[in-house]
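Take a look at the structure set out below.
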Protein chains: 2
Amino acid sequence: MTQKQNQKKLTSIEKALEIMLKFQGKKISWGIRELGGELGFSPATVQRILQVLKSYEFVRQDPNTRQYFIGNVFYRFIETLHHSNRLTAIGRKFMEEVTANTRETVHLNIMEGDLRICIDSIESSQVLKAGMPIGNQSPLYAGASAKCLLAFSNDEYKNEYFKKTKLLPVTENTIVDPAQLKTEIKKIKGQGYAISLGERTPGLGSLSAPVFDYKGMIQASLSLAIPEIRIKQKDHLSTCIQILTSAANKFSKALGLAH
Amino acid sequence: MTQKQNQKKLTSIEKALEIMLKFQGKKISWGIRELGGELGFSPATVQRILQVLKSYEFVRQDPNTRQYFIGNVFYRFIETLHHSNRLTAIGRKFMEEVTANTRETVHLNIMEGDLRICIDSIESSQVLKAGMPIGNQSPLYAGASAKCLLAFSNDEYKNEYFKKTKLLPVTENTIVDPAQLKTEIKKIKGQGYAISLGERTPGLGSLSAPVFDYKGMIQASLSLAIPEIRIKQKDHLSTCIQILTSAANKFSKALGLAH
DNA sequence: AACGGTGTTTCGACATGTGGAACACTTGGG
DNA sequence: CCCAAGTGTTCCACATGTCGAAACACCGTT
């Protein structure tokens with residue numbers, strides 16, 4: 001929420017953070033007046049803040065186009081993100097168990113605001129395999145791993161999400177009808193896991209189970225990425241569902257004990 | 001450089017960035033007074049800045065220990081980092097070529113301040129393989145991929161680095177004698193690539209070649225991670241050296257054309 | 001040459017940030 | 001149980017930093 005959006009006066013640190021947050025997402029480069037227009041800050045303010053961010057390498061400026069981009073200093077945080085996150089520390093062994101027993105790629109995803117982001121993965125050992133890199137993100141309505149997070153969120157969050165989110169297709173299989181999405185979310189909640197086929201990537205199936213903390217709050221989704229040809233094999237799918245939901249349950253219990 | 005270190009008065013945005021930068025590196029959690037002591041800020045100032053960072057999820061606070069950790073919002077930047085970096089965009093095809101022709105894991109590394117950080121990787125297709133995740137970092141004196149970056153830096157940077165850097169061992173194979181390191185760096189510069197064995201990870205060899213921009217400035221190192229048993233095979237090593245240096249040269253030329 | 005943009009700089013006006021001190025709380029030792 | 005030694009958090013008088021309209025310099029296009 002920016003000064004422009006909610007008219008609340010922002011401190012200079014808040015302004016700097018708002019500017020930084022513009023460097024994630026689809027638009028990868030910005031000019032001074034573009035940022036100023038987008039955020040409701042004057043060009044002089046944007047300029048001054050960007051100079052500070054630049055001196056610390058939180059942004060960099062292309063000398064030719066003079067546009068600003070995300071800075072390389074963010075690379076420094078990747079290792080720490082991984083090491084300091086107890087979800088990845090505790091979850092690794094359950095992920096190893098799942099991928100060993102299903103021979104499919106396994107991911108760990110979290111909810112970051114209104115996005116799903118992959119924070120860990122172990123690739124399948126098979127020749128035909130699916131998967132995505134750490135850091136991969138999507139809206140909460142596209143794909144099983146995302147919808148799983150949404151389905152097991154509390155009702156307040158879900159209501160707010162449905163109200164404010166514009167459902168844009170990611171592929172032609174993405175559900176974009178609000179009533180249909182709500183029905184799907186309710187179904188996921190009921191059966192305890194999510195399945196999708198081609199909602200984010202054509203030819204790719206996804207199976208996802210929720211991971212909770214000791215209070216029953218959704219923390220993550222544990223997911224399998226399964227090529228279409230294998231997710232259509234009923235026996236394989238049944239086996240995967242059983243192994244994944246079992247591991248997610250054990251993961252949830254382990255989080256509770258680690259509290 | 002902090003207020004404490006160089007006595008220059010910092011603006012509040014600079015203070016916030018200094019605090020954020022403490023959340024990368026070996027120490028993953030901080031208390032208010034720890035940070036204040038480390039940075040020379042009063043506890044009230046640290047508290048106030050951390051509350052802002054917390055509200056934007058740049059940090060999070062463990063409710064039990066009350067310690068502060070890096071926040072999940074940094075996950076949002078991973079994808080953008082990758083997409084906006086022309087080194088990874090241009091370099092991918094050369095990396096694919098190298099790994100196809102050597103059948104070893106290939107990495108792309110950059111210099112980030114006084115660190116080497118891996119920003120892209122393609123794993124070997126072999127059963128016995130070596131490698132590290134994106135975001136992996138090390139000092140510039142440990143391992144071929146890091147030493148390669150150091151060796152081909154300008155003399156001013158090298159002199160400053162040797163002056164201020166304390167050489168602590170990463171493994172028992174890490175070179176920690178300053179004179180020996182300088183000799184090694186000079187040798188790498190002369191032969192045009194770097195080789196190391198077990199300086200960061202026991203049993204793992206590394207081979208690295210420099211990538212330059214159109215001005216001849218070092219931009220990255222292209223590296224192979226090779227298990228010890230294979231790096232000791234002279235024919236395989238010769239082949240790898242030839243393929244890697246050739247690809248790095250083509251990569252450098254491609255960067256120049258993309259200017 | 002003129003126009004319509006850009007990034008950058010200036011500086012008087014004004015708003016915000018600072019940090020010493022105190023508070024509330026926790027932990028551990030005697 | 002008491003005390004010491006920490007922690008995180010809050011307060012507020014005071015100090016100083018930030019703001020943004022306007023202008024400048026530059027670039028690309030017509």
Side-chain angles (χ1 to χ4, degrees), chain A residues 1-23 27-71 84 259, chain B residues 1-23 27-71 84 259:
Chain A
M1 193 69 77
T2 67
Q3 185 170 311
K4 190 183 196 181
Q5 282 163 7
N6 72 358
Q7 300 308 323
K8 173 185 157 293
K9 247 343 183 75
L10 296 176
T11 68
S12 52
I13 292 174
E14 284 168 332
K15 284 178 173 173
L17 299 182
E18 292 284 354
I19 287 173
M20 285 169 66
L21 285 170
K22 283 297 169 189
F23 289 95
K27 184 169 171 55
I28 63 168
S29 73
W30 294 85
I32 298 279
R33 289 176 195 261
E34 278 186 297
L35 271 171
E38 178 74 17
L39 292 167
F41 305 159
S42 81
T45 298
V46 176
Q47 169 76 8
R48 196 170 39 253
I49 293 173
L50 279 175
Q51 287 315 308
V52 176
L53 293 179
K54 186 178 168 185
S55 75
Y56 277 78
E57 283 193 68
F58 280 86
V59 300
R60 62 182 166 82
Q61 187 179 22
D62 186 294
N64 298 317
T65 63
R66 306 180 83 190
Q67 291 268 292
Y68 288 83
F69 294 79
I70 191 171
S84 70
H259 166 57
Chain B
M1 194 68 79
T2 68
Q3 185 168 310
K4 190 184 197 181
Q5 283 164 8
N6 72 356
Q7 299 309 323
K8 173 183 158 294
K9 239 359 175 65
L10 295 176
T11 68
S12 52
I13 292 173
E14 284 168 332
K15 284 176 172 173
L17 300 182
E18 291 284 356
I19 287 173
M20 285 169 66
L21 285 170
K22 284 297 170 189
F23 290 95
K27 185 169 170 56
I28 64 168
S29 72
W30 294 84
I32 297 280
R33 289 176 194 258
E34 280 186 294
L35 271 171
E38 178 73 17
L39 293 167
F41 305 159
S42 81
T45 298
V46 175
Q47 168 79 5
R48 195 172 40 255
I49 292 172
L50 280 176
Q51 288 315 308
V52 177
L53 294 179
K54 186 177 167 185
S55 76
Y56 277 79
E57 283 193 65
F58 280 86
V59 300
R60 62 181 164 83
Q61 187 179 22
D62 186 293
N64 297 318
T65 63
R66 306 182 83 190
Q67 290 268 292
Y68 288 84
F69 294 79
I70 190 170
S84 70
H259 166 55

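Predicted model only: the values in this text are computed from it and were never measured. Chain A is the first sequence line, chain B the second, and so forth, proteins listed ahead of strands; every chain is numbered from 1.
Atom CG of A:Leu35 is separated from atom C1' of C:dT8 by 15 Å (rounded to the nearest Å). Atoms CG (A:Leu39) and P (D:dG20) sit 13 Å apart, rounded to a whole Å. The distance from atom CD1 of A:Ile13 to atom C1' of C:dG17 is 9 Å, rounded to the nearest whole Å. When the C1' atom of C:dA15 is taken as reference, atom CD of A:Glu14 falls 14 Å away, rounded to whole Å. Rounded to an integer number of Å, the gap from B:Trp30 CH2 to D:dG8 P is 12 Å. Atoms CG (B:Asn64) and C1' (D:dG8) sit 15 Å apart, rounded to a whole Å. In this structure, A:Ile49 atom CD1 and C:dT16 atom P are separated by 14 Å, rounded to whole Å. Nucleotide D:dG8 holds its P atom 7 Å from the CD atom of B:Gln67, rounded to whole Å.
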At under 4.0 Å between heavy atoms, which parts of nucleotides 21-30 of chain D does protein reach? Answer with one letter per nucleotide, 5' to 3': B base, S sugar-phosphate only, - none.
-> B-B-------
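Listed by chain and residue number, nothing satisfies the salt bridge (charged side-chain N to carboxylate O under 4.0 Å, His left out) test with A:Lys54 (two or more places apart in sequence, or in another chain). Applying the side-chain contact (heavy atoms from CB on, under 4.5 Å) criterion to A:Leu21, with sequence neighbours excluded, gives B:Tyr56, B:Phe58, B:Val73, B:Phe77. Remark: A:Ser12 pairs with B:Ser12, B:Ile13 by the side-chain contact (heavy atoms from CB on, under 4.5 Å) rule, at least two apart or across chains. Here B:Ser55 pairs with nothing under the side-chain contact (heavy atoms from CB on, under 4.5 Å) rule; sequence neighbours left out.
Where A:Ser12 and A:Gln47 meet DNA chain C, the nucleotide closest to each residue was compared, and A:Gln47 sits on the side nearer the 5' end.
For the pair A:Lys15 and D:dT18, the criterion of a side-chain N or O lying under 4.0 Å from OP1 or OP2 is not met. One finds a side-chain N or O of B:Tyr68 lying less than 4.0 angstrom from the OP1 or OP2 phosphate oxygen of D:dT9. Distances shorter than 4.0 Å separate some side-chain N or O of B:Gln61 from OP1 or OP2 on D:dT9. Between C:dT16 and A:Thr11, no contact under 4.0 Å exists linking OP1 or OP2 to a side-chain N or O.
Note that CD of B:Gln47 and CZ of B:Phe41 are 14.5 Å apart. Values are rounded to the nearest 0.5 Å. Rounding to the nearest 0.5 angstrom, the gap separating the CG atom in B:Leu50 from the CG atom in B:Leu35 is 6.0 Å. With values rounded to the nearest 0.5 angstrom, A:Ile49 atom CD1 is found 9.5 Å from B:Thr11 atom OG1. Between the CG atom of A:Asp62 and the CD atom of A:Gln67 there is a distance of 8.5 Å, given to the nearest 0.5 Å. From A:Ile70, atom CD1 reaches atom CD1 of A:Ile28 across 10.0 Å, with rounding to the nearest 0.5 Å.
You'll find that the side chain of A:Ile32 is closest to C:dG7, out of D:dT18, C:dG7, D:dG20. Listed candidates were C:dT8, D:dG20, D:dT18. Nearest to the side chain of A:Gln51 is C:dT8.
Among residue pairs with one or both ends in residues 27-37 of chain A, those qualifying as salt bridge (Lys or Arg N to Asp or Glu O under 4.0 Å) are A:Lys27-A:Glu34; sequence neighbours excluded.
Axis angle between the ends of the helix from C:dA1-D:dT30 to C:dG30-D:dC1, five pairs each and rounded to 10 degrees, works out to 40°.
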